[in-house]
**Q** 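The structure under discussion is supplied below as structure tokens; questions concerning it will follow.
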Amino acid sequence: MLYPQSNRFRQTIDLSGFWDFLFDPEDQGQDRGWSAGFAGGRPIAVPASWNDQFEEGRDNLGPAWYQTRFHLPWGWAERRVRLRFGSVNYLADVWLNDVRLGQHEGGHLPFEFDVSPHLRPEGNHLVVRVDGNLAPDRVPPGRVPWGPPDTFPGDSKPYPDAHFDFFPFCGIQRPVLLHAVPQEAIADLSVTTDIDGSTGHVRVRLDRDGGEPATAHLTLRGHGAEVKAQVPLDAETAEATLTVPDAALWAPGSPNLYDLTVELARDGAPFDAYTLPVGIRTVAVEGDRLLLNGQPVKLKGFGRHEDFPITGRGLLHAVIVKDYALLQWIGANSFRTSHYPYSEQMMSLADRLGFLVIDETPAVGLFFREDGLERRRTLCRQYVQELIARDKNHPSVIMWSLANEPHSMRNEAKPFFRELYDLTKALDPTRPVTVVSAVGVAEEAFEFCDVVCLNRYWGWYTHPGQLDEACEILTGELEALHDKFPKPLILSEFGADTIPGCHAQPPEMFSEEYQVEFLTRYIQVLDSLPFVVGQHPWNMCDFKTSQEVRRMGGLNHKGVFTRDRRPKMAAHRLRELWRSD
Ligand code: GCB
């Protein structure tokens, strides 16, 4: 799925701004005809979560209604026009000029409609109903009936009752774009790269709308090279390989990108073009090593969240820039998109700045009881397909994560993940696949996953304040895990809640000193085990959660930066550790 762009043949406009908004407490909006437009709405910012924009919005998960009006720009009458939503959490129903366009389930992934037949030159009326409610048969789930084995010991019901540890922000959280494309447009490009000595190979698959004969002209430019290919088109798909001698490879520290331009032409007259940044690199697992461009690589970075005061999970370009600046400052080379796909803006900058990304689906808090299992399976399959369609061309994406901490103690979990793993590999055989687990050697999905990702909190949730014991258990457990699954291992979460400004000597829980000690001791263990190829402390920044007794001030305080991105002592410590190697 190509991100919309503007060029000689394409144009994109962003419908961001102030829309009208109404909560629908009785869920009667549709009966009252709101899909044709409603009166009495209040202004709301799009994109942004709605929860922190108004007093009564925080714990209200909808349904709610949005509307906006727009005129078509000059010259769009002959074009095909698509309407694209970057992320609406959770369930979106969309109408244009009172015509129902459709529904999309699942926040964090884009969806679009061909709206050409429904557009008027002036006075178009776009209405969206958003339902952010939590339910056991949604993914991620919520309001899951209480009881073992699907809740971990120590769990208590949060409010709102999410089955995951971050606030269930709702609304239109990423831009809504209108984009005009030619009638016979490039529909998709899929790029994979390979390296042979110093030569790079860029394989391109082109999908287009319409199968009339035409020609595709491909040009790869950058780093002093200009490589061209010409492919006659007589079907809806075509493939070509571009060979780049002395390729400038993509890697952290040298995020070399080429521009691939694909132009469609007939009888010498071009009628569509699209330019995609391409990084030439390989990623592979060999034994218990993770290889980037054939060289072992170790990940240093974080699990993160898209989370910021007021805007919630809404796209904020400045926060993205700031976060990358902090990642560079601290010496990180990677992050995981815990626990859902991040914005396309975040992903593009990862390509540009050279970060390695473990790209995670929104499947967090999965449980495997019968109720709703089939629906959760269908949704997980959909998310894998949508995520790979969106992110397959990013060189920064080095691994797919199918889920975070599924409650995999039930027999149903293994075939569930086997099916998702096989689907992922069929869609993208080029990248390793993982499931981020908390159950250790009991995680049966590790048998077939390419990389073992484990989350651990010894010295925090268990063995509080006892870091000697914690590190002993951690070492033994990681070794046992490696004996059972001799694959690369990433400790994808470890950390301690830390109240900024709270100090204690000797260190004790919640103090900045304890977080420093905790992370330092864990990293010593990880550095001593050669099969550990990644260390991702939890979390980069403090982030908002539902209310519960463990979450003081409504925040998870395991950030090494505060929610407004100020360093705690641990940030300085990590910088010493990570920048000295
Ligand atoms: C975990 C979860 C993460 C939580 C974290 C914590 O294992 O994956 O979502 O926020 O623990 O702080 O408890």
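These values consider heavy atoms only, across backbone and side chains, with no hydrogens, waters or symmetry-generated copies. Just follow the structure's listing: the first ligand is 1, and inside any ligand the first atom is 1. Quick caveat, the model's predicted, so the values are computed rather than measured. The residues of the chain are indexed from 1 along the displayed sequence.
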**Q** Indicate the ring-plane relationship of Phe531 and His482, choosing parallel, tilted or perpendicular according to the 30° and 60° boundaries.
**A** parallel
**Q** Counting each atom of ligand 1 from 1 as listed, which ones have a heavy atom of Asn455 under 4.0 Å away?
**A** 8 (O)
**Q** Would Arg376 and Phe367 count as a cation-pi pair here, with the cationic atom under 6.0 angstrom from the ring centre and within 45° of the axis?
**A** yes
**Q** We want to know whether Tyr421 and Asp450 form a side-chain donor-acceptor pair, criterion being a heavy-atom distance below 3.5 angstrom.
**A** yes
**Q** Tell me the protein heavy atom at minimum distance from atom 10 (O) of ligand 1, and give that distance in Å.
**A** Asp165 OD2, 2.5 Å
**Q** What I want to find out is whether Lys425 reaches Asp422 closely enough, with some N-O distance under 4.0 Å, to be called a salt bridge.
**A** no
**Q** Please could you name the atoms of ligand 1 that His339 approaches to less than 4.0 Å, counting only its heavy atoms?
**A** 3 (C), 8 (O), 9 (O)
**Q** Check the side chains of Trp458 and Glu472 for a donor-acceptor pair under 3.5 angstrom, ignoring hydrogens and angles.
**A** no
**Q** At under 4.0 Å between heavy atoms, is it the side chain or the backbone of Val436 that contacts ligand 1, or both, or neither?
**A** neither
**Q** Just checking, any donor-acceptor pair under 3.5 angstrom between side chains of His339 and Glu360?
**A** yes
**Q** In terms of residue, atom name and distance, what is the protein heavy atom nearest to atom 7 (O) of ligand 1?
**A** Glu405 OE2, 2.2 Å
**Q** Hey, is CD on Gln466 packed in by over 12 heavy atoms from elsewhere, all under 6.0 Å?
**A** yes
**Q** Where the closest heavy atom to atom 1 (C) of ligand 1 is concerned, which of Glu493, Arg550, His305 has it?
**A** Glu493
**Q** Just to be sure I read this right, does ligand 1 sit under 4.0 Å from the backbone of Phe543, its side chain, both, or neither, counting only heavy atoms?
**A** side chain
**Q** Provide the number and element of each atom of ligand 1 under 4.0 Å from a heavy atom of Arg551.
**A** 6 (C), 12 (O), 13 (O)
**Q** Output the list of atoms in ligand 1 that are nearer than 4.0 Å to some heavy atom of Tyr457, sorted by atom number.
**A** 1 (C), 5 (C), 6 (C), 7 (O), 11 (O)
**Q** Could you tell me whether ligand 1 has any atom less than 4.0 Å away from a heavy atom of Phe164?
**A** no
**Q** Is it true that His557 lies under 4.0 Å from ligand 1, counting heavy atoms only?
**A** no
**Q** Could you go through Asp93 and Gln103, starting from their C-alpha distance and side-chain angles, then the distance that decides it, and tell me whether this counts as side-chain hydrogen bond (donor to acceptor under 3.5 Å, both in side chains)?
**A** CA-CA 4 Å; Asp93 286 277; Gln103 184 179 76; 3.0 Å; yes
**Q** Give the residue and atom name of whichever protein heavy atom lies nearest to atom 12 (O) of ligand 1, and the separation in Å to one decimal.
**A** Lys558 NZ, 2.5 Å
**Q** Using a 4.0 Å heavy-atom cut-off, which part of Asn556 comes near ligand 1: side chain, backbone, both, or neither?
**A** side chain
**Q** Just checking, any donor-acceptor pair under 3.5 angstrom between side chains of Arg138 and Asn133?
**A** no
**Q** Got the closest protein heavy atom to atom 13 (O) of ligand 1, with its distance?
**A** Tyr461 OH, 2.4 Å
